[in-house]
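Atoms within each ligand, like the ligands themselves, are counted from 1 in listed order. All values below come from the heavy atoms of this structure, side chains included, with hydrogens, waters and symmetry mates left out.
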Amino acid sequence: MKRGTSLFIILAVAIAGISLSQRTIDASGAPVTFTKDVAPIFFSKCAECHRPGEGAPFSVLTYKDVRPWARSIRAQVAGKEMPPWHADPHYGEWANDRRLSQSEIDLIVNWVKDGAREGNPSDMPVAPTFTNGWSIGKPDIVIPMPETFTLEAEGPDEYQYFEVDPGFKEDVYVQMAEARPGNRKVVHHIIAFVRPPSENKAPRPKMSKEELQKLREKMERESPRYREGFLMRTKKDAPVVDDGCAAVNGGKINRNDEGDVGTLLCGYAPGMNQAVWKPGTVKRVPAGSKIVFQMHYSKVAGSVQQDRSSIGLTLAKSQPEKLVRTHGISNGYFLIPPGADNHKVTACWTAKEPIHIINFMPHMHLRGKAVEYKAFYPDGTTEILMNIPEYDFSWQTVYYYKEPKAIPKGTRIMVTGYFDNSAKNRYNPDPTQTVRYGEPTYDEMMIGWMDYTVDTESIKTITAKRD
Ligand code: HEC
């Protein structure tokens, strides 16, 4: 959205909020209408998802598109199902907080009750503009998957990996990044990782086919993980660590088991917002890096589908100062018993330097019930940083701090997830299963992602060290 437009919307919403709360007529006695009162709210709070080409079922950009949905809008808005937002307002202040104010909710509800009138077309605010569907505007660089992928009509979900060499001769500093699915019917999620050149040069021992096969089998036998088709799963009899914080190495039995594929650059999942960092704070893609697409596909029964997804990058326009680092505080060894309705799993991470946290993105699957990030400060005090009392797998929201959160060196951050593997959980694919960590959505995950900057680090010192 252009800055002028958003400022206009903010002003319009503020004015509407003051003059119209609880009423179906405005201050001058005129009835509440779409063009004058409702559209500004929809443009600022709904259009991000409710516009042509996005995941939501209808567009809010015109009255004609909105009108047939009026009853549903009233129910969803009054019930606070829409806009989707799951962070407990008692903890943290979030820049992308999508919630409507009570006066906005009342206004929308009353507008529908009153017949969902259009009003004077000349009152209509300027619609937000989007560039070919990109939410970050026209990206400087678009990197598509190297090929179109064809997905068969039947069978379980698939994880597919595609590697692309974007040909970066120098380090690239990324200000905004967005992943866009090519085919929304089948793309469940995209995660784009950066694989720096240092990781590309792993020496490959010369081996015969037989030797290689033997080595693979040995690794599989000894690993707590195994591959099932295109999916990585944890063996049912792998060691169990529910309380990752009490365990050595944060519950990671062997770091390499976590399937590290490099630094996370950006992702797509329903409800996930694009990655936008403040000027001066950037993600770095080192020269010579490869971009790895991790694609999670869900099939459309009876129909062969194709996909070629892309990522778009907008580069820093000024000299960047701070590097964004991404870390997933995760536990890969929990075990959720069949029927358990509030199974607790923890994971911990300690800040070795003073840092500023930019955002959080908790990730669990269908049995995810609630999740919390809590800080244990070196002075003995504690603070809940973020609480999601009702986790919903449908919404992979990234929660951006209004102001980056200062975390002193030595602070331990604990992520606690609760899982509902009972029949009460209507999303539960099978309450009779013992559930472990794995890629398919019928397995579980427990990852507390976060972006942060290190206070003592500047891009100048990093570059100097390396050169
Ligand atoms: C982050 C993205 C996002 C935002 C923001 C958002 N929506 Fe939605 N909305 C969706 C998606 C996706 C669905 C479809 C959900 C589903 O199929 O389960 C949906 C569904 C709905 C539905 C239900 C349609 C039906 O099937 O009856 C209504 C009504 C709705 N949204 C209204 C709104 C309104 C009004 C706003 C703003 C005040 C809003 N939404 C903001 C993504 C969003």
Side-chain angles (χ1 to χ4, degrees), residues 1 6 9-10 12-14 16-17 20-21 32-35 37-87 94-113 116 125 127-128 130 133-136 178-181 183-190 266-276 298 300 359 361-363 366 388 390-400 426-427 441:
M1 200 190 295
S6 60
I9 287 167
I10 291 162
V13 171
L20 288 164
S21 59
V32 174
T33 65
F34 178 76
T35 53
D37 310 300
V38 176
I41 304 175
F42 283 6
F43 287 1
S44 73
K45 295 285 176 78
C46 323
E48 154 196 2
C49 310
H50 286 268
R51 59 183 160 99
E54 287 299 310
F58 62 96
S59 162
V60 293
L61 298 186
T62 69
Y63 178 73
K64 204 171 119 269
D65 290 325
V66 168
R67 184 63 188 89
W69 297 91
R71 284 168 70 100
S72 175
I73 290 171
R74 173 177 162 185
Q76 297 276 332
V77 165
K80 299 191 178 168
E81 301 287 331
M82 284 286 149
W85 185 257
H86 299 90
W94 312 101
N96 58 325
D97 192 338
R98 302 191 186 106
R99 284 175 306 153
L100 298 173
S101 67
Q102 194 54 50
S103 59
E104 288 172 329
I105 295 174
D106 294 341
L107 185 138
I108 293 166
V109 167
N110 289 333
W111 168 69
V112 177
K113 259 192 212 158
F130 302 94
W134 294 96
S135 299
I136 57 172
E178 182 176 351
R180 282 197 76 78
N183 179 351
R184 283 175 193 276
K185 282 194 218 127
V186 291
V187 176
H188 174 280
H189 84 227
I190 305 170
C266 63
Y268 159 84
M272 191 194 251
N273 28 322
Q274 55 286 354
V276 179
S298 302
V300 179
N359 62 39
M361 193 198 101
H363 181 69
L366 297 160
I388 309 290
E390 285 178 58
Y391 178 82
D392 184 340
F393 174 65
S394 320
W395 304 106
Q396 300 288 326
T397 308
V398 185
Y399 297 88
Y400 280 81
R426 66 188 167 113
Y427 302 110
T441 45

Got the closest protein heavy atom to [atom], with its distance?
atom	result
atom 38 (C) of ligand 1	Cys46 SG, 2.5 Å
atom 13 (C) of ligand 1	Pro57 CD, 3.3 Å
atom 15 (C) of ligand 1	Trp395 CZ2, 4.5 Å

Quiz prompt | From Arg99, Met82, Arg71, Glu48 - option closest to atom 10 (C) of ligand 1 by heavy atom | solution = Met82

Quiz item: Taking non-hydrogen atoms only, is Pro84 closer than 4.0 angstrom to ligand 1 via side chain, backbone, both or neither?
Solution: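 The answer is the side chain of Pro84.
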
Quiz item: Taking heavy atoms and a distance under 4.0 Å, where does His50 meet ligand 1: side chain, backbone, both or neither?
Solution: side chain

Ligand-residue contact atoms, ligand 1 with [X], heavy atoms, under 4.0 Å:
X	value
Cys49	1 (C), 2 (C), 3 (C), 4 (C), 5 (C), 42 (C), 43 (C)
Val77	35 (C)
Pro83	37 (C), 38 (C), 41 (C)
Lys45	5 (C), 37 (C), 41 (C)
Trp69	24 (C), 25 (C), 26 (O), 27 (O)
Ile73	29 (C), 35 (C)

Any donor and acceptor pair, going by atom type alone, linking the side chain of [X] with main-chain N or O of [Y] inside 3.5 Å?
X	Y	value
Arg51	Val60	no
Lys45	Arg99	yes
Asn359	Val398	no

Practice problem: Measure the spacing between OG of Ser103 and CG of Asn110 and express it to the nearest 0.5 Å. | Solution: 11.0 Å

Quiz item: Any side-chain donor paired with an acceptor under 3.5 Å for His363 and Gln396?
Solution: yes

Quiz prompt | Centroid separation Phe58 to His50 less than 6.0 Å | solution = yes

Exercise. Determine the minimum heavy-atom distance between Pro40 and Thr35, stating which atoms define it.
Key: CD-O, 4.2 Å

Exercise. Looking only at distances, please establish whether an N/O atom of ligand 1 is found under 3.5 Å from an N/O atom of Ser72.
Key: yes

Practice problem: Please test Thr397 against Tyr399 for side chain to side chain contact (heavy atoms under 4.5 Å, CB included), starting from the C-alpha separation and ending with a verdict. | Solution: CA-CA 6 Å; Thr397 308; Tyr399 297 88; 3.7 Å; yes

Quiz item: Given Tyr391 and His86, is the ring-ring contact (aromatic ring centres under 6.0 Å, His included) satisfied, shown in steps?
Solution: CA-CA 7 Å; Tyr391 178 82; His86 299 90; 7.9 Å; no

Quiz prompt | Stepwise side-chain hydrogen bond (donor to acceptor under 3.5 Å, both in side chains) check, Asp65 with Thr62 | solution = CA-CA 5 Å; Asp65 290 325; Thr62 69; 2.9 Å; yes

Quiz item: Protein heavy atoms: any of them under 4.0 Å from atom 17 (O) of ligand 1?
Solution: no

Self-check item: Heavy atom of protein inside 4.0 Å of atom 31 (N) of ligand 1, strictly below
Solution: yes

